[in-house]
Amino acid sequence: MSSIPDKPTLDGLEAKWRQIWAEQGTYRFDRTRTRDEVYSIDTPPPTVSGALHIGHVMSYTHTDTIARYQRMRGYEVFYPMGWDDNGLNVERRVQMMTATLCDPSLPYDPDFTPPQPDEKGKLPKDPIRISRPNFVELCEEVVSELEEQYFDLWSTVGLSVDWDQTYTTIGPVASRISQRAFLRLLDRGVAYRSGAPTLWDVDMKTAVAQAELEDREVPGAYHKLEFTGPDGQAIWIDTTRPELLPACVALVAHPDDERYQPLFGQTATTPLFGAEVPICPHELAEPDKGTGIAMICTFGDTTDVVWWRELDLPIRPVVRHDGRLERDITWTGPDDGSDPTWCSVDPDEANENYAELGGKTIFTAQKNIVELLMAKGKMEGEPRPISHPVKFWENGKKPLEIVTSNQWFIRYPPAEDIIARAKGLQFHPEYMRVRFEDWANGLQGDWNITRQRFFGVPFPIWYPIDEHGDADLLSPIAATEDMLPVDPTTMVPPGYTEDQRNQPGGFAADPDVMDTWNTSSMSPQIASKWEEDDDLFERVYPMDLRPQAHEIIRTWLFSTVVKAHELFDELPFRHAAISGFVVDPDRKKLSKSKDNAKAGPVELLEQFGADGIRYWACGGGPGRDVAEDPGQMKIGRRLAIKLLNASKFALGIGEPSDPGAAVTEPIDRAMLLSLADLVDECTRVFDEYDYARALERAETYFWSFTDDHLELVKGRAYGDGSEADPAADSAKVALRLALETVLKLFAPFLPFATEEVWSWWREGSIHHSAWPTSEPLRDAAGGPDDSAALVATVAAEVLTLLRKAKSDAKVSMRTEITSATITDTRQRLAAFEQARADVLDAGKVTSVELVEGPGLSVDATLADT
RNA sequence: GGGCGCGUAGCUCAGUUGGCUAGAGCGCUUCCCUUACAAGGAAGAUGUCGGGGGUUCGAGUCCCUCCGCGCCCACCA
């Protein structure tokens with residue numbers, strides 16, 4: 001307990017209290033507590049690949065208010081932090097920062113040091129190729145530096161995280177848990193390996209999952225190609241992907257389309273390549289699109305995949321994993337029968353044409369094939385430019401291609417099962433549930449969890465190599481659980497020795513790593529240390545709260561629910577609190593690429609203080625977008641300062657002469673009674689995760705508390721100098737009780753200012769004090785009393801009019817009012833009588849006359865100044 | 001194409017099951033250095049509650065419809 005400062009200030013409070021909280025372990029999780037006494041939070045592990053932005057600060061603050069509220073409600077809060085240092089974003093950052101490139105074929109170099117910047121601070125232009133273990137070492141270095149920065153920012157913001165519980169998504173614990181889950185699912189056939197059409201980013205050369213797709217509107221062009229029908233007639237096909245013509249395996253039109261009905265069951269011949277392809281009916285073909293008949297290629301888009309599967313078509317793969325067209329394709333005549341895949345009615349012409357395409361990029365191939373088509377008169381007119389949506393990997397630069405590839409998948413349960421499971425999950429706000437259900441209902445195929453990358457959790461898998469030296473990808477050798485965590489590139493499968501690696505009759509490591517979401521979907525289990533620390537797990541799992549952004553409902557939330565559904569047959573948490581985005585004043589989402597984030601969080605925290613920023617952040621209720629608004633931050637800062645000053649004043653008046661004095665004055669009682677109502681409402685809305693409303697209500701109360709109540713009672717509270725002064729004691733007792741209550745209501749939002757004030761007159765941390773209840777307030781006020789409320793209302797209204805008289809006369813508020821005539825109804829005048837002394841004192845009124853009338857009016861005579 | 005959310009003062013937003021003359025803060029205007037606070041205080045002005053219908057004694061609130069913005073989902077040759 002310290003004394004009340006003369007000049008309270010917010011400056012330095014963050015540094016002061018974060019240090020004291022750390023020293024005293026204020027937010028340390030007490031693991032002697034049992035599950036029913038614990039409130040556990042599945043914190044989103046931020047990706048450690050750049051800088052935190054103000055959007056992070058906003059959403060993590062929301063969670064922190066919930067954590068602080070639950071802590072004050074008496075729960076032991078399990079609030080860990082995780083770092084998502086796993087995955088592509090980190091790889092990219094490391095490539096950029098160190099000018100290196102991972103080449104898994106290289107051996108580990110123990111003496112490797114990364115390239116250093118020259119005098120101008122520039123790194124070499126051409127990246128240095130390094131081994132996977134070297135690359136992973138670099139990743140770990142970069143990541144730990146960033147984690148330090150993140151920790152610093154979160155501490156300044158005042159997150160009440162227990163930093164002893166911090167985890168990472170690539171550390172040994174997370175790797176073990178992720179691999180253990182994978183092995184269990186593999187054992188049950190839920191995880192499986194399969195060759196299938198795969199969404200593929202040709203830049204990063206990795207598979208991506210459906211959840212990571214996004215549409216982008218890009219320019220394209222329709223090309224009208226001439227196919228030859230069964231009777232030699234022309235069939236015109238509109239396509240935006242003419243370069244995929246060699247991969248054409250069929251034509252398709254709508255079954256009801258009379259123009260093409262006669263052709264169904266017959267074949268057409270492709271231009272340039274002379275491949276005979278069937279003409280098929282399918283409902284997905286749209287008669288009014290293009291010419292109404294489309295070519296199916298393996299694979300131009302996801303519709304092609306559906307057609308290919310449902311029409312049971314052959315596959316002609318032409319796009320390689322590097323985004324170039326396959327080089328080694330030889331078309332053969334119909335009679336040699338050597339390879340029915342590349343069968344042409346005119347193999348010589350087909351091969352001659354294909355020579356212009358093989359090995360070329362998609363872009364060049366398209367240019368070349370258009371030239372060929374035009375030269376042969378197989379294209380009508382020029383390409384017609386259009387703008388159309390194309391699927392991209394959300395982090396990618398080039399459109400996705402679909403290639404066939406062997407990948408690990410997790411079999412999704414039926415959508416209705418997932419949706420039924422999620423019925424037990426409470427969404428805040430509830431309308432966010434629809435995004436979850438839309439996604440479940442729109443799933444196509446299973447979850448591809450394989451990424452052809454380096455910095456991630458590896459698959460604990462090897463493949464046997466036969467006597468010819470070929471790996472058998474469909475007979476994986478799984479690690480046993482006691483071996484975990486496993487890196488198959490350095491560890492040896494059971495029953496083999498290291499010298500059999502990559503040898504005929506030996507084994508080969510699975511070269512890939514798991515999708516980031518496959519590991520972060522285990523975050524509740526990682527944070528609670530599933531089968532790593534059974535004692536902890538029992539105390540915190542399943543969790544109470546999953547806070548997260550709405551943009552990752554389809555990835556993180558969905559995959560976490562699916563994993564827990566499969567592995568534990570239950571929900572991993574009970575509540576999902578969904579936060580919105582920070583948007584700039586034009587309502588555009590803040591993003592690094594657009595560079596519309598005005599100032600970084602560090603600058604804003606410096607300028608407005610953590611409490612100011614937190615106030616702004618909590619203005620946005622669950623799910624709502626919030627505009628980056630320095631004005632609101634400034635208001636938050638003022639509120640925090642006001643709290644310090646009002647507290648200083650209320651406490652500075654001193655303690656009641658009789659500590660057991662009763663609250664007797666109607667104004668004091670009314671103040672406590674309305675505060676009791678406020679407490680009930682704040683508690684109710686907080687229980688519904690509506691922190692924003694709790695703050696808004698508390699703030700509204702606080703303004704009238706300082707503007708009216710404090711002004712009205714301060715004269716009386718100072719006392720008349722006599723030793724026993726029940727009227728002064730009434731004010732003091734009520735003020736102290738109200739102050740304690742208001743501080744607690746603000747504590748989740750303004751942890752620094754409230755803790756500071758608390759330290760002036762109370763022991764311990766306010767953040768471990770009990771959340772207020774309304775009964776003690778009502779008891780202190782002597783029970784409910786509507787007439788007291790009227791006294792307070794009339795007093796405030798009269799005071800406002802007295803002030804107005806001075807304001808209109810443009811004189812100081814200190815100016816004396818020599819006489820005032822107050823007109824009002826009989827009932828309200830009676831109420832006024834009970835606050836008469838307070839009002840006259842606050843308004844500096846010497847004499848007053850009361851006149852009965854229809855409504856309130858005040859006529860004041862001012863002293864000469 | 002389907003769905004969700006939003007639209008209230010110049011700005012950011014409250015407005016709970018329909019109920020007095022629609023609120024707060026910022027900004028603005030006028031004033032006040034007052035012994036909690038000038039990083040402050042007092043008072044004031046500012047609204048066809050997106051448009052149009054309807055239900056009702058009564059609609060910002062409920063229903064229909066239209067407009068605008070944002071987002072999610074969708075098999076987008």
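Numbers restart at 1 for each chain; the letters A, B, ... are given by sequence-line order, proteins then strands.
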A:Glu430, CD atom: more than 12 neighbouring heavy atoms under 6.0 Å:
yes
Under 4.0 Å, counting only non-hydrogen atoms across every strand here, what does A:Thr800 touch: a base, just sugar-phosphate, or nothing?
sugar-phosphate
A:Arg814 (side chain) and B:U35 (base): donor-acceptor pair under 3.5 Å:
no
Could you tell me if A:Ser774 and A:Asp680 have a donor-acceptor pair between their side chains, going purely by distance under 3.5 Å?
yes
Picking from B:C73, B:C75, B:G70, the nucleotide nearest the side-chain atoms of A:Trp439 would be B:C73
For nucleotides B:G47 and B:G23, find the distance between their P atoms and express it as a whole number of Å.
13 Å
Within the 4.0 Å heavy-atom criterion, would you say A:Lys289 contacts the bases, only the backbone, or no part of the nucleic acid?
base
When both hydrogen-bonding distances must be under 3.5 Å and the geometry is Watson-Crick or G-U wobble, what is B:C11 paired with, if anything?
B:G25
Taking the same atom, C1', in B:G19 and in B:G58, what whole-Å distance lies between them?
7 Å
Quick one: A:Glu606 CD to B:A39 C1', roughly how many Å, whole number?
16 Å
Would you classify A:Ile641 as touching base, sugar-phosphate or nothing, given that sugar-phosphate means primed atoms plus P, OP1 and OP2, and contacts are heavy atoms under 4.0 Å?
base
Considering only atom P, compute the distance from B:G50 to B:G15 and round it to an integer number of Å.
14 Å
Any side-chain N or O of A:Arg693 below 4.0 angstrom from OP1/OP2 of B:A14?
no
Should the ring pair A:Trp761 and A:Trp758 be called parallel, tilted or perpendicular, given that the plane angle runs from 0 to 90° and is split at 30 and 60?
perpendicular
Output yes when at least one side-chain N/O atom of A:Arg803 is less than 4.0 Å from OP1 or OP2 of B:C31, else no.
no
Looking only at B:A36, B:C73, B:G5, the nucleotide nearest the A:Tyr431 side chain is B:G5
Given atom CD of A:Glu696 and atom C1' of B:U8, what is their separation to the nearest angstrom?
14 Å
With a non-hydrogen cut-off below 4.0 angstrom, is A:Ser807 in contact with a base, only sugar-phosphate, or nothing?
base
Pairwise P distance for B:U48 and B:G60, with rounding to whole Å:
14 Å
cation_pi(A:Lys714, A:Phe649) dist<6.0 Å, angle<=45:
yes
Between B:C76 atom P and A:Trp307 atom CH2, what is the distance in whole Å?
8 Å
Looking at B:A36, I'd like to know if its phosphate oxygens (OP1 or OP2) sit under 4.0 Å from a side-chain N or O belonging to A:Tyr718.
yes
Could you tell me whether A:Thr240 contacts a base, only the sugar-phosphate backbone, or nothing, with contacts defined as non-hydrogen atoms closer than 4.0 Å?
sugar-phosphate
Compute the ring centroids of A:Phe749 and A:Phe686, then answer whether they are less than 6.0 Å apart.
yes
Between B:C64 and B:C76, how far is it from one P atom to the other, in whole Å?
30 Å
For B:G47, the Watson-Crick or wobble counterpart (both distances under 3.5 Å):
none
Base, sugar-phosphate or nothing for A:Ala285? Non-hydrogen atoms, less than 4.0 Å.
base
Over how many whole Å does the gap from A:Asp707 atom CG to B:G25 atom C1' extend?
11 Å
For the pair made of NE2 in A:His254 and C1' in B:C75, what is the distance, rounded to whole Å?
12 Å
Gap between atoms CG and P, on A:Asp629 and B:C26 respectively (whole Å):
13 Å
Look at A:Gln210 and B:A74 and indicate whether a side-chain polar atom (N or O) is within less than 4.0 Å of OP1 or OP2.
yes
Taking 4.0 Å as the cut-off, does a side-chain nitrogen or oxygen of A:Lys634 come that near to OP1 or OP2 on B:G27?
yes
Taking any heavy-atom pair under 4.0 Å as a contact, classify A:Arg684: base, sugar-phosphate, or nothing.
base
B:A77 phosphate, OP1 or OP2: any side-chain N/O from A:His388 under 4.0 angstrom?
yes
Has the side chain of A:Glu711 got a donor or acceptor that lies under 3.5 Å from a partner of the other kind on the base of B:A36?
yes
Scan A:Arg554 against the nucleic acid and name what it touches under 4.0 Å (heavy atoms): base, sugar-phosphate only, or nothing.
sugar-phosphate
Tell me: NZ of A:Lys648 to P of B:G40, nearest whole Å?
16 Å
Give a yes/no answer on whether the side chain of A:Arg638 brings an N or O atom under 4.0 Å of OP1 or OP2 in B:G40.
yes
Ignoring the backbone of A:Asp438, work out which of B:A36, B:C75, B:G2 is nearest its side chain.
B:G2
Within this structure, what is the CH2-to-P distance between A:Trp616 and B:C13, rounded to whole angstrom?
11 Å
When we call it a touch if two heavy atoms are under 4.0 Å apart, what does A:Glu681 touch: a base, just sugar-phosphate, or nothing?
base
Are any of A:Lys642's side-chain N or O atoms less than 4.0 Å away from OP1 or OP2 of B:G41?
yes
Is the closest side-chain donor-acceptor distance between A:Tyr615 and A:Glu699 under 3.5 Å?
yes
For nucleotides B:G25 and B:C6, find the distance between their P atoms and express it as a whole number of Å.
25 Å
Taking a pair as Watson-Crick or G-U wobble with both distances under 3.5 Å, which nucleotide is matched to B:G40?
B:C32
Hey, which sits more toward the 5' end of RNA chain B by its nearest nucleotide, A:Lys810 or A:Thr303?
A:Lys810
Quick one: label A:Arg637 by what it contacts on the DNA or RNA (base, sugar-phosphate, nothing), any heavy atom closer than 4.0 Å.
base
Classify A:Gly442 by what it touches in the nucleic acid, base, sugar-phosphate, or nothing, heavy-atom distance under 4.0 Å.
sugar-phosphate
How would you label the contact of A:Asp301 with the nucleic acid (heavy atoms, under 4.0 Å): base, sugar-phosphate, or nothing?
sugar-phosphate
The Watson-Crick or G-U wobble partner of B:C69, with both key distances under 3.5 Å, is B:G5
Applying side-chain hydrogen bond (donor to acceptor under 3.5 Å, both in side chains) to A:Glu212 and A:Thr555, what does each step give before you reach the verdict?
CA-CA 8 Å; A:Glu212 295 170 282; A:Thr555 49; over 6 Å; no
Counter-base of B:U16, judged by Watson-Crick or G-U geometry with both distances under 3.5 Å:
none
Nearest to the side chain of A:Ala646, heavy atoms from C-beta on, is which of B:G25, B:C32, B:A36?
B:A36
Is there a Watson-Crick or G-U wobble partner for B:U56 with both distances under 3.5 Å, and if so, which one is it?
none
What about A:Asp215: does its side chain form a donor-acceptor pair under 3.5 Å with the base of B:C76?
yes
What's A:Glu286 touching, base or sugar-phosphate or nothing? Going by heavy atoms closer than 4.0 Å.
base
Which residue, A:Trp703 or A:Ala294, contacts RNA chain B at a nucleotide closer to its 5' end, judged by nearest heavy atom?
A:Trp703
Kindly say whether A:Ala617 contributes a backbone atom to a donor-acceptor pair with the side chain of A:His62 at under 3.5 angstrom?
yes
Mind checking the C1' distance from B:A22 to B:G68? Whole angstroms is fine.
24 Å
Counting only heavy atoms not in A:Glu394 (residues, nucleotides, ligands), do more than 12 fall under 6.0 Å from its CD?
yes
Which word best sums up how the rings of A:Tyr412 and A:Phe558 line up, parallel for under 30°, tilted for 30 to 60°, or perpendicular for over 60°?
perpendicular
Please give the distance between the P atoms of B:A43 and B:G52 as a whole number of Å.
36 Å
Remember a base hit wins even if backbone is also touched, and classify A:Asp11 as base, sugar-phosphate or nothing at under 4.0 Å, heavy atoms.
base
